[in-house]
Asks: 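Once you've had a glance at the structure underneath, I'll fire off some questions.
Note on naming: letters A, B, ... go to the chains in the order of the sequence lines (proteins, then strands), and numbering restarts at 1 for each one. Everything numeric here is computed off the predicted structure, so don't read it as measured data.
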Protein chains: 2
Amino acid sequence: MDQASFIVPAHSTAQQVYDWLHGRVLRGDLAPGERISETEIAGQIGVSRQPVREAFIRLTANGLAEVRPQRGTFIGRISLKAVLSARLIREAVESDLIRIVSSAAPDAAIAELDAQLAAQREASARQDVERFIELDDLFHRSLAIAAGHEDVWNVLEGLKSQMNRLRYITARVFDQQKLIDQHTAIVDSLRHHDPEQAEQAMRLHLRELLNDLPEIARSKPEFFTK
Amino acid sequence: MDQASFIVPAHSTAQQVYDWLHGRVLRGDLAPGERISETEIAGQIGVSRQPVREAFIRLTANGLAEVRPQRGTFIGRISLKAVLSARLIREAVESDLIRIVSSAAPDAAIAELDAQLAAQREASARQDVERFIELDDLFHRSLAIAAGHEDVWNVLEGLKSQMNRLRYITARVFDQQKLIDQHTAIVDSLRHHDPEQAEQAMRLHLRELLNDLPEIARSKPEFFTK
DNA sequence: TATACCATACTTCCATACAAGTCAACATTG
DNA sequence: CAATGTTGACTTGTATGGAAGTATGGTATA
């Protein structure tokens, strides 16, 4: 090993503030367009403005906030164009990945995916939205791993944050059963080593958002920008 | 228009410092692994440490620097895994885009691309590497625009910064003539409205990096991490 | 000579003070 | 009454001082 890379610095104050805010934004606890203030947040958690400010900068870099100098800082609205772009990218990338997987999917990987499907059904039955979203993420990540490209999934992490925000905000809207059925169709395609069918199933699945988006945008227009 | 969005804040000191450093990192003027210091940079350009520090944070968020608390800040090395992931993503996305374009490429767009090809040949003949890289970016962006998805290209901007850094560092290595030939093949496929051929030409083009990367990594190992 | 210790000069991190821009409410003026 | 000016309380931006951790080189010690 080149360096003892497992020596990582303890989480700084700024890092902790960032993690906290990041989570609140993703879960929709802080609503798009909502105003936040360095001094206010600093006062709430008992630190100075400095680490809070640095957290704001990082949120801005990730498209989750917008700083308007001398005016205020605001939780970023969800850009419909950005969401559509992210969706298109996901479709393109995951289509390629699923072809790789389907050409050589070991039985162990299939079994793992089947177990995940069961867990998804269980979470859906319990109406545990947060867990379901988590499992959905895991499902797609597992496919990337099976394709030997987990890194790709990590690189796309930033794009997904916008889509995740969308999912939390619209938790009650989307049809979990339909998503599970689509996941099942994908796994079945893998089971039969059918790359073409697998790709089509994946594309269909990832285009589901296109059906839901108009209604979502209509129901909460104040959360979105063009 | 909802808001007079053309009212944008003047560039702050921190923003200017960031732009300056960002450009220097991308052009390889600051080498991967090189150490930089808040106080030193601040002294060089005559500002306090604060805006420099904020620029460092943004560089870190974009994967261009690494801050090790109480130790120093270093220009990020180029992650080979990240580069390979970015390449795969580009191939997947641009393959989908080129299919869209080829199915309905207006003559005006084709003419524009032909003009760009001429400009590429001219820049290559003049050995103007910086201009060539710029034109290469423009070429791929133009394809995205022709597909009606310029936003997608913007979203991928972050990924490209790593690859651009690579290109500057290895400016003399890559074979510009080969790239131009591949670009030409892509445009020809569009001219004949042949989606399948266009996609294959694009994939071949974007896989070129896979041939070059081993040599690049061998020639400057200190610039890379696994 | 080799090793342990330690002073010192760095580094980033955090807190604080002040500067400058913005906005809204209110007073003033015609 | 309407328009204008002004004050003051906000906001983020910048500068600076000190806290705490780290690396380095010298020094004492075995």
Asks: Quick check on the helix from dT1(C)-dA30(D) to dG30(C)-dC1(D): what's the angle between its two end axes, five base pairs per end, to the nearest 10°?
Replies: 20°
Asks: Minimum heavy-atom separation for Q176(B) to S124(B), with atom names?
Replies: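 For Q176(B) versus S124(B), the nearest heavy atoms are OE1-OG, 3.0 Å.
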Asks: Is a donor on one side and an acceptor on the other found under 3.5 Å between the side chain of H205(A) and the backbone of R203(A)?
Replies: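 Absent.
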Asks: Return yes if some donor-acceptor pair links the side-chain N/O of E91(B) with the main-chain N/O of L88(B) below 3.5 Å, else return no.
Replies: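 Flag not set: sc E91(B) to bb L88(B) has no pair under 3.5 Å.
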Asks: Strictly distance-based, threshold 3.5 Å: is any side-chain N or O of Q182(B) a donor or acceptor partner for the main-chain N or O of Q177(B)?
Replies: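 The answer is no, because no donor-acceptor pair under 3.5 Å joins these two groups.
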Asks: Can you confirm if the NZ or CZ of R77(B) lies within 45° of the ring axis of F223(B) and under 6.0 Å from the centre of its six-membered ring?
Replies: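 Pair R77(B)/F223(B) does not count as cation-pi.
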Asks: Let's see if you get this right: which residues in residues 32-50 of chain B place a heavy atom under 4.0 Å from DNA chain D?
Replies: V47(B), S48(B), R49(B), Q50(B)
Asks: When the distance from CD1 of I57(B) to P of dG13(D) is rounded to whole Å, what number comes out?
Replies: 12 Å
Asks: Among residues at least two apart in sequence or on other chains, which ones pass ring pair (Phe, Tyr, Trp, His ring centres under 6.0 Å) with F139(A)?
Replies: H183(A)
Asks: Starting at CD of E54(A) and ending at P of dT12(D), how long is that distance when rounded to a whole Å?
Replies: 15 Å
Asks: Tabulated below should be each protein N or O lying under 3.5 Å from an N or O of nucleotides 23-25 of chain D; please produce it.
Replies:
from	atom 1	to	atom 2	distance (Å)
dA23(D)	OP1	R71(B)	NH1	2.5

Asks: I'd like the 5' and 3' limits of the part of DNA chain C contacted by chain A, with heavy-atom contacts below 4.0 Å.
Replies: dC14(C) to dC23(C)
Asks: Round to a whole Å and report the spacing from CD of Q16(B) to C1' of dG13(D).
Replies: 13 Å
Asks: Using atom CD of E66(A) as one end and atom P of dT12(D) as the other, report the distance to the nearest whole Å.
Replies: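 These atoms are roughly 13 Å apart.
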Asks: Working note: K160(A) + E157(A), criterion salt bridge (charged side-chain N to carboxylate O under 4.0 Å, His left out); need CA distance, chi angles, decisive distance, verdict.
Replies: CA-CA 5 Å; K160(A) 289 201 302 116; E157(A) 202 65 46; 3.2 Å; yes
Asks: Expressed as a whole number of angstroms, how long is the span from Q70(A):CD to dT12(D):P?
Replies: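 Answer to the nearest Å: 9 Å.
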Asks: Using a 3.5 Å distance criterion without hydrogens, assess whether the side chain of E112(A) forms a donor-acceptor pair with backbone atoms of A109(A).
Replies: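 A pair under 3.5 Å: no.
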Asks: Tell me, please, which residues at least two apart from H22(A) pass ring pair (Phe, Tyr, Trp, His ring centres under 6.0 Å).
Replies: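 So H22(A) forms a ring pair (Phe, Tyr, Trp, His ring centres under 6.0 Å) with Y18(A).
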Asks: Can you tell me which residue among R167(B), R90(B), R131(B) is in a salt bridge (charged side-chain N to carboxylate O under 4.0 Å, His left out) with D137(B)?
Replies: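 Of the listed options, the one satisfying the test is R167(B).
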Asks: Using modelled atom types and a 3.5 Å cut-off, is there a donor and acceptor pairing between side-chain atoms of R87(B) and backbone atoms of L206(B)?
Replies: yes
Asks: Taking N62(A) for its side chain and L64(A) for its backbone only, find out whether a donor-acceptor pair lies under 3.5 Å.
Replies: no
Asks: Does any N or O in the side chain of Q162(B) come within less than 3.5 Å of the main-chain N or O of G63(B), such that one atom is a donor and the other an acceptor?
Replies: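 Yes; judged by distance alone, with no hydrogens or angles, the pair exists.
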Asks: Taking only side-chain N and O atoms of S12(B), does any of them lie within less than 4.0 angstrom of OP1 or OP2 on dG13(D)?
Replies: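 Checking dG13(D) against S12(B), no side-chain N or O comes under 4.0 Å of OP1 or OP2.
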